[in-house]
Structure formats: structure tokens, C-alpha cells
Amino acid sequence: MTIARKALVWGLFAAGGTLTSFVFPSLIALFLLIASGNTPVGLEYGQIHAFAASWMGKASLFGVIFLALWHAAHRLRVAAHDLGLRVDGLVASVLYLVAALGSALAVYYLVLI
Amino acid sequence: MGTRQIELEVMRYNPEKDEAPWFQQYSVPCEEDWAILDALIYVKDNLDSTLSYRWSCHMMVCGSCGMTVNGEPHLTCKTFIRDLPDKVRVEPLENFPIERDLVVVLDDVMQKLQLAKPYIIRKDDPPPEDEEYPQSRAALKKFKQYTMCINCMLCYSACPQYGLSNDFIGPAALSLAHRYNLDSRDQGKAQRLDILADHDGVWECSFVGACSEACPKNVDPAAAIQQMKVDGTMEWWKQKFGLTGDKP
């Protein structure tokens, strides 16, 4: 026997979960700060735009978006199973396809910046 | 001490006679400090000697008196009458075939415990008999929690995944394997992962966490399984890049 390829699927899921649990609360906090007129120094629109326009920034943003989408897709797949939806092949295909589509769109828009 | 009258609703099933399980009522005068197991013993001794159930130590050590009490898996020796309503339903553990009455067949899990290779595996020759593999206190602390398992199988009874498919290796066997993987004297992690990170192993767990809630010894099998998923992932990458000399 060998270790199943499920290790890869789960590894990306775990990486996405860990990353999202740090990044998304920060994003929400940043959104609330900016919306209330307290933009933190160094995080003005121009600076963030410049970061997103650099290749390093694009790569980081892609990493976050791809892993978050993969995490969400896998989480929903498992949740569907736990909730009694027992057509794993179909559920998995649809959800991973949506994640892949989202990732492809992310690449498109990141390149445009 | 006063007594309290408890209506015990006990599942009965004799595969040789009964078509399906059924419930029998017993009215039991319970002492204040009794556990459900005491009430069952009272029934057996005084009301109905045909009732079958497993027990041995009556002190949370042997792990044989696990049953479903009011819908939840419990050791009946530590489930006290004083914490329960006047009507108590006692059924065998869920997710297992019934042998008779409250006794279940545990053969499947006994096999799975062996899959975990629950013994120290060394790559080197065994040391001479007068030598030992030393271990620090800190190294012991890493896995000690997982040695507390008494194989009561409440975790299997609580696990929705095992309920769906008996192919899943399941909480107790996986946390037992993790106990040896974490042992500083052991070198068999890759061997175990080859079996336990295969299709019916750790990945089948969807981290509901019911096993850890049911565990009467605070072993936390759910945590063990998630940690093994990380180990399995690392091992998978190692094998992909040929970084491991551990392949059995």
C-alpha cells in the first residue's frame, strides 16, 4: 500500500485553512478601518495597488486566492458528505471546478493590474 | 442513603430467537451513588438473569461496559443515576453488530487495532538484553495522552464516518498508531503511514470530533487523526521526491 493522493488534496486544504484564518480576519479589520476613515499608514490605496502590480504581489495574491478557494471547495465537499449528500464524485467535480475557475479568473485579473 | 426508583428501558436481542431487537422495562430501586452498571447488575441478580452485558472492573479501567445511555455512548460504570432522569434507556453501542442484548461484536475493531502496528518498530537490530532505549520525560509527554486509551470503543460508536462505512480504520486504531509514531524510541512511522494514510485511513475522517467528545479518558483521537494527516502529507511529498529511505 502507499499513501493515497488524498494527501495532496488535504495538504492544499490545510494550507488554505491556515492561511485564510490569518489573512481574512486581517482583511475584514482593514476594511472596517478604511471604511471608518482610519486608513493605517502604509496601507493606502496607492501602496496596495503598487504591491498588487508587482510580480511578487501578484504571486502572493494568487497563492492566497487559490488556496482559499481550494479550502472552501474541499470544506463544502466534506460538509455535503456529512449532511447526507452522498454523490461525492459529482459534488467534488463541481466544487473543484468552481475553485479552478475562480483561480483562473484570479490569474486573468492579476495579470491585468 | 435513600433509594430512587428508575425505569430502565433495556434493549434486548437474542439472534437465535428474536427477529428484531425490542425493549424491556425494569423498575429498579437505585441507591444514590449507583451508576447505570449497578442498576444492570441489580436487574441481572434480582429481576432477570437472562440479561447479557459486558463488564469487569467497575472503575473505568477495563473499557468493557460501554453502552448507549439515553442515546449517547458512555461507560456505564461512570454514568451515574444522580445525573440522569427517572427514565433511562440503555442500548448496545451503535455501529456494531449485536451479539446478544447489550453485548456487541468487536471483531472488526480488534483487526483494525492490529493495522496500527501498536509496538515499537526499530530499523536497527534489537539491542542486547541488558540495554534499553532511553527516553526523556519531555519525549514521553508528547504521546502519553494517547496511551490512556482503554479500547472501550465509544469513539467508534460515536463516529459518523465509521457508521457510514466500516472500511474506515477509525479513531482508536489511528490514535494508537499516532501514539507509536510520536514515541521517540520508534522508527516505524513511514511503515504505519503507508497503511493508515491510504484510502480508508486518516483521510476518511471529516473532523466531526464526536470521538473526542465521547472518549471517557480524554485521549482526543480527533486531534491524533488531524496530526496524522499532516504527517501523511509530509510523507507523501517525501515519497514523491524520493527523500525517504523508509519505504518498507
Side-chain angles (χ1 to χ4, degrees), chain A residues 1-26 59-60 62-100 102-103 106, chain B residues 112 114-117 158-165 167-169 173-174 177-178 181 188-211 222-223 225-244 246-248:
Chain A
M1 286 197 252
T2 49
I3 292 176
R5 210 178 304 140
K6 290 172 182 174
L8 179 64
V9 175
W10 186 84
L12 291 172
F13 164 75
T18 311
L19 196 67
T20 335
S21 65
F22 287 107
V23 172
F24 278 67
S26 321
S60 319
F62 174 74
V64 170
I65 293 167
F66 165 68
L67 287 173
L69 283 173
W70 185 274
H71 177 85
H74 188 73
R75 183 73 258 170
L76 283 171
R77 176 189 178 188
V78 174
H81 176 81
D82 283 346
L83 290 172
L85 200 59
R86 300 281 145 69
V87 277
D88 189 52
L90 179 69
V91 171
S93 310
V94 170
L95 289 172
Y96 293 143
L97 202 68
V98 171
S103 305
Chain B
K112 283 174 174 151
Q114 291 186 15
L115 284 180
K117 296 183 192 264
C159 175
Q161 205 60 34
Y162 184 70
L164 279 177
S165 160
D167 292 334
F168 176 40
I169 294 172
L174 290 170
H178 194 54
N181 284 348
K189 185 155 128 180
Q191 271 186 48
R192 286 193 200 92
L193 285 174
D194 249 16
I195 298 167
L196 305 174
D198 201 353
H199 288 277
D200 296 320
V202 287
W203 317 114
E204 288 305 291
C205 165
S206 59
F207 203 6
V208 172
C211 51
I225 297 173
Q226 306 323 304
Q227 288 168 24
M228 276 181 84
K229 285 179 183 173
V230 176
D231 291 342
T233 308
M234 305 296 272
E235 196 60 32
W236 187 83
W237 283 106
K238 273 197 208 164
Q239 288 187 4
K240 280 293 145 214
F241 290 105
L243 294 172
T244 173
D246 289 344
K247 285 212 83 174

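Residue numbers start from 1 in every chain, and the chains themselves are labelled A, B, ... in the order their sequence lines are given, proteins ahead of strands.
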S.K.: Chain B heavy atoms under 4.5 Å from R75(A): which part of the residue, side chain, backbone, both or neither?
M.R.: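 The side chain, not the backbone.
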
S.K.: Atom CH2 in W236(B), atom CZ in R5(A): separation rounded to 0.5 Å?
M.R.: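 Here the rounded value is 7.5 Å.
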
S.K.: So which of Q161(B), Q226(B), K240(B) has the largest heavy-atom pair count under 4.5 angstrom toward chain A?
M.R.: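 So the answer, after comparing Q161(B), Q226(B), K240(B), is Q161(B).
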
S.K.: Please find the pair of heavy atoms, one from A7(A) and one from G232(B), that lie closest to each other, and give the distance.
M.R.: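 Taking every non-hydrogen atom into account, CB-O, 4.1 Å.
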
S.K.: Applying side-chain hydrogen bond (donor to acceptor under 3.5 Å, both in side chains) as the test, list every pair that has at least one member in residues 12-24 of chain A; sequence neighbours left out.
M.R.: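 Sorted result for residues 12-24 of chain A: empty, none.
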
S.K.: I'd like to check the side chain to side chain contact (heavy atoms under 4.5 Å, CB included) partners of A72(A); sequence neighbours left out, ordered by chain and number.
M.R.: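 With sequence neighbours excluded, A72(A) shows a side chain to side chain contact (heavy atoms under 4.5 Å, CB included) to no residue whatsoever.
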
S.K.: So which heavy atom on T233(B) is nearest to which on G11(A), and how close?
M.R.: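 T233(B) and G11(A) have their closest heavy atoms at CG2-CA, 3.7 Å.
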
S.K.: Using non-hydrogen atoms only, which part of V208(B) is less than 4.5 Å away from chain A: side chain, backbone, both, or neither?
M.R.: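 Side chain only.
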
S.K.: Is any side-chain heavy atom of I3(A) closer than 4.5 Å to one of D194(B)?
M.R.: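 When only atoms from C-beta onward are counted, I3(A) and D194(B) do touch, with a gap below 4.5 Å.
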
S.K.: Which atoms of L196(B) are under 4.5 Å from chain A, going by heavy atoms: the side chain, the backbone, both sets, or neither?
M.R.: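 For L196(B), neither part sits under 4.5 Å from chain A.
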
S.K.: Measure across H199(B) and K6(A) and return the closest heavy-atom pair with its distance rounded to 0.1 Å.
M.R.: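 In this case the closest contact between H199(B) and K6(A) is O-NZ, 3.2 Å.
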
